[in-house]
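Each ligand, and each atom within it, is numbered from 1 in the order the structure gives.
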Amino acid sequence: MSETPVWSFLGPTGTFCEMALRQVAPAQADGALAVELDPCQDVPTALDRVRERRAQAAVVPIENSVEGGVNATLDNLVAGAPLVIAAEVAVPVTFVLAGRPGTSLADIQAVSTHPHAWAQCRGWMHANLPEAVYVPGTSTSAPARALAASSEPLSFQAVLCNPLAAKSYGLEVVAAGVADNPDAVTRFVQVTRPGRVSQPTGADKTTLLVQAPHDRAGALLDMLSQFAARGVNLTRIESRPAGDSLGRYRFSIDVEGHVRDERVAAALIGLHRTCPLVRFLGSYPRLDGRPVVVPAGTSDKDFVVARSWLGEVLEGRTL
Ligand SMILES: O=C(O)C(=O)C[C@]1(C(=O)O)C=C[C@@H](O)C=C1
């Protein structure tokens, strides 16, 4: 009998991350999850569980429509043993302000939540609870659980979490629909250990980490030219400090297409020839399912025809 696969995520139960996991994890015939949930204290721990083979997959936040890239994820993905992204999912993010039963706005002097959640509610907090102090939490549900778990006074009287977490921990909603941007979404990724790369679907994305040479003019332009020359469209590019000295940056990049697409493969080969570091972080179906637009002259067929023409040239059969 095969064992139930373990999937790790940023816990405890009730995070947006768990909502994302429930959207991508396999389900049984009756709709119940076919994986065992492994809530972790932070993103690096969730990813390490996969590296250590204690989990088959991890679901972690990677990009937030308000705060941008999630550094804990972007940096950890390239820090240790290789991992790759297998799928992506977006979760709409709206918060409730919740406290122990009976709490009213006037009782709240301090609020705890994840720093990204706080960043998404700053304007609302300023307008409604300008005096409230912020107490950082390891996730949105960790302080919710802590508040519900005891009746002793804590350093905060309310939390910003998702409505399901407030309900499951038995907290009372003091204010609903708390968000500076009602359309905010967070993108999460399912991460696994690398294996043979899947086949393209025609609507894929590839994530890379690239370090451009730092000691010559135009290095960044050269790096970007590797994509432009092959008609590969970028959907995200962010710089992250390399960490070893000031002024050295790496680029976290998402491109349209799959590493098995000729034009994406050619861009990667070009990067590998010219950049000191290139990490492939996975090709996976894009969440909007929108087919990739392939510019003229960059389809797989165009590459195959051109290669066969060159073969003919080498054999002296054509010029
Ligand atoms: O704390 C959670 O609930 C998470 O899933 C993490 C996280 C994030 O890292 O951005 C996810 C969505 C919200 O933007 C707030 C926090």
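Nearest protein heavy-atom neighbour of atom 8 (C) of ligand 1: H116 ND1, 3.3 Å.
With respect to S252, the side-chain hydrogen bond (donor to acceptor under 3.5 Å, both in side chains) criterion is satisfied by exactly one of E63, R240, R236, E238: R236. Checking each of E88, E256, H258 against K205 for a side-chain hydrogen bond (donor to acceptor under 3.5 Å, both in side chains) leaves exactly one that passes, namely E88.
Using a 3.5 Å distance cut-off with no hydrogens or angles, the side chains of T207 and Y284 do pair a donor with an acceptor. For the residue pair T103 and E172, no side-chain donor N or O sits within less than 3.5 Å of a side-chain acceptor on the partner. In summary, the side chains of D222 and S225 do not present any donor paired with an acceptor at a separation below 3.5 Å, with no hydrogens or angles considered.
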Could you go through the side chain to side chain contact (heavy atoms under 4.5 Å, CB included) check for F188 and L21 one step at a time? CA-CA 8 Å; F188 293 83; L21 183 153; over 6 Å; no

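Within the 4.0 Å heavy-atom criterion, both parts of S139, backbone and side chain, lie near ligand 1. If you look at Q120 next to ligand 1, the close heavy atoms, those under 4.0 Å, all belong to the side chain. Under 4.0 Å from ligand 1, not a single heavy atom of W118 appears. Residue contacts with ligand 1 for L10 involve side-chain atoms from C-beta outward but no N, CA, C or O (heavy atoms, distance under 4.0 Å). Counting heavy atoms closer than 4.0 Å to ligand 1, residue N64 contributes side-chain atoms (C-beta onward) but none from N, CA, C or O.
Near P61, with a cut-off below 4.0 Å to any heavy atom, the atoms of ligand 1 are 9 (O). Per-residue contacts place C17 under 4.0 angstrom from the following atoms of ligand 1 (heavy atoms of the residue considered): 5 (O). Taking a cut-off of under 4.0 Å to the non-hydrogen atoms of F188, the atoms of ligand 1 that pass are 5 (O), 11 (C).
Of all the listed residues (T186, T140, T15), T140 holds the heavy atom that lies closest to atom 1 (O) of ligand 1.
Shown here is R216, whose CZ atom has more than 12 heavy atoms of other residues, nucleotides or ligands within 6.0 Å.
Not a single heavy atom of E67 lies less than 4.0 angstrom from ligand 1.
Centroid-to-centroid, the aromatic rings of F16 and F9 stay 6.0 Å apart or farther.
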